[in-house]
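Have a look at the structure below, then the notes.
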Amino acid sequence: MAEKFYVTTPIYYVNDVPHIGHAYTTLACDVISRYKRSRGFDVYFLTGTDEHGQKVETAANANGETPLELADRVVKRFQSLWEKLNISNDDFIRTTQERHKKTVTEQFLKLQAKGDIYLGEYEDWYCTPCETFWTETQLHDGSCPDCGRETTKLKEESYFFRMSSYGDQLIKHIEENPDFIQPKSRRNEIISFIREGLRDLSISRTSFSWGIPAPGNEKHVIYVWFDALTNYISALGYPDDKDGLFEKFWPVNAHVIGKDILRFHAVYWPTFLMAAGIPLPKKVFAHGWWTVEGQKMSKSLRNVIEPNMLADKYGVDPIRYFLLREVPFGLDGDFSHSSLISRINSDLANDLGNLLSRSTAMLGKYFDGVLPAPGPNDEIDKAFTGRFGPANEKIDKLYDDMAFNKVLQTIWELISAANKYIDETAPWSLAKDPAQQQRLGTVLYNLLEAQRLIALQITPFMPDTGAKILEILGVNPNTTLQNNDSWGELAAGTEIAKAAPLFPRIEAGE
Ligand code: ME8
């Protein structure tokens, strides 16, 4: 039976429209999903939207619409963007769906029956935009330590989750499972947060009504994180599991999130799961933060980068490539149009595009576009062709660490090696000597076969480009890596026409 792989994005709030930050996380999950499928895994890739809470209620009131009308309107912007960016999610969960509400209600009842949810009273400093309570000591000069805005003291009846009972068990889990929180640099931050002592967590509100009612006490709505985090199991049909998805895909292989919501995923969520007796996620990966031309992205600075606009201007595949190539996953990065343009011109138009047009042009010129059978490999050929097996193995390991930029670096080392192989073997000189005809055929075969393997590795990042290269090479564009990643599968006799440039160069200022 195929190995399974379950990966999730955060569910995005519907009170904001999608920008490159959201696209980044979703793209990363898409790339790893496509890679794992190509390797024969049975993949479940989940994304969705977080639709409850005070912010949505307030925004809807201000617009003169109901919260659900607002959610219905904004969710389409996410869904159409994912379609445009070629996102291959298997499911899309909305927290307003019945399937989700049912799971949250059942979780609540289960933990309440166990004594892990109890009714108490809450008093603390509340940041409305962040929907987060802070203790007095966490505030920065009285303001929210996350967003810097004003906080207000709130006291209300609230249900609490007995998070304080689970701190020791969670530390033990983190210590015994070194891959649980990634990147590693973030583990210590979480461990010290837990060591400071976990307080019981307020998980309901009476101050607004847009949410899932607390069962049996409907003046409370279930507070946003208890609601939102549960999406990862409600989408699988927990607890009824009529379709067997939970049984098959849980525990999740990776929750991919931004560093802003690591604590919720690495502390709150695992303790909810422990209380419910559900196994913990295998990995929580917190990636870094994008700024734009050196500044924080924000509506008020009017510098929000809309992926729709970028895709229209530069094409979907270049954007997909750029976001994952530019910055090591896990570190912060800065978006600038000039670095995007320079990557498109140098990596895509020059390195990748020229390689294909040069080699297909030579095949046309020297062999009428019909791929010759290769003769024996010289030392120089062996050095080149021998790179691909180890590179495939290296890439597979890099995916386990979500090191997307290193995967791309490794692929681009192969592309550079291919360009260098052309320069070193100088096919144009071989072509002058009829005695070198077989040697010339070997060189061209190796070059084009190399590009078949390169295209297979490129496809998770740039699905259209990968398919296009495979088609040019006369290979079925749906070919996967599994069983097709060893050297020498390109069939002699295949007709390969001269390829048009894959990526037009972009002049600065265009
Ligand atoms: O937090 N750089 O939703 P959200 C990189 N609903 N990534 C960014 C980013 C940036 N500048 N801005 C946003 C929520 N992101 C909750 C989640 S999950 C159970 C509930 C990405 O709409 C990043 O993945 O605020 C971040 O974690 C997420 O968007 C926050 O999305």
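Numbering of ligands and ligand atoms starts at 1, following listing order.
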Face-on cation placement of [X] at [Y] ring, 6.0 Å and 45° thresholds:
X	Y	result
R205	Y223	yes
K36	F5	yes
R263	F193	yes
K282	F180	no

Name the closest protein heavy atom to [atom], giving the residue it belongs to and the distance to 0.1 Å.
atom	value
atom 17 (C) of ligand 1	I11 O, 3.2 Å
atom 29 (O) of ligand 1	H22 CD2, 3.4 Å
atom 4 (P) of ligand 1	Y13 CD1, 3.6 Å
atom 9 (C) of ligand 1	W289 CH2, 3.2 Å
atom 7 (N) of ligand 1	H287 CE1, 3.3 Å
atom 23 (C) of ligand 1	T25 OG1, 3.5 Å
atom 2 (N) of ligand 1	W290 N, 2.9 Å

Would you say ligand 1 has an N or O under 3.5 Å from any N or O of [X]?
X	value
Y12	no
G258	yes
W225	no
D50	yes

Is there a heavy atom of [X] sitting under 4.0 angstrom from any atom of ligand 1?
X	answer
A286	no
Y232	yes
H265	yes

Whether H265 and Y232 hold their rings parallel, tilted or perpendicular, with breakpoints at 30° and 60°: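 The arrangement is tilted - the two ring planes meet at 30° to 60°.
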Quick one: are the ring centres of F329 and F404 less than 6.0 Å apart?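 Close enough - the centres of the two rings lie under 6.0 Å apart.
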I want to know whether W269 and F226 have ring centres closer than 6.0 Å.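 No; F226 has its ring centre 6.0 Å or more from that of W269.
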Side chains of N308 and K84: closer than 4.5 Å at any heavy-atom pair?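 Sidechains of K84 and N308: in contact.
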Minimum distance, heavy atoms only, to atom 27 (O) of ligand 1: which one of L323, D260, I257, L229 is it?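 The option holding the nearest heavy atom is D260.
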Rounded at 0.5 Å granularity, tell me how far OH in Y122 sits from CG in L154.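 Spacing of OH (Y122) from CG (L154) equals 9.5 Å.
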I32: which of F41, Y399, F285 passes side chain to side chain contact (heavy atoms under 4.5 Å, CB included):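 Going through F41, Y399, F285 one by one, the side chain to side chain contact (heavy atoms under 4.5 Å, CB included) with I32 is satisfied by Y399 alone.
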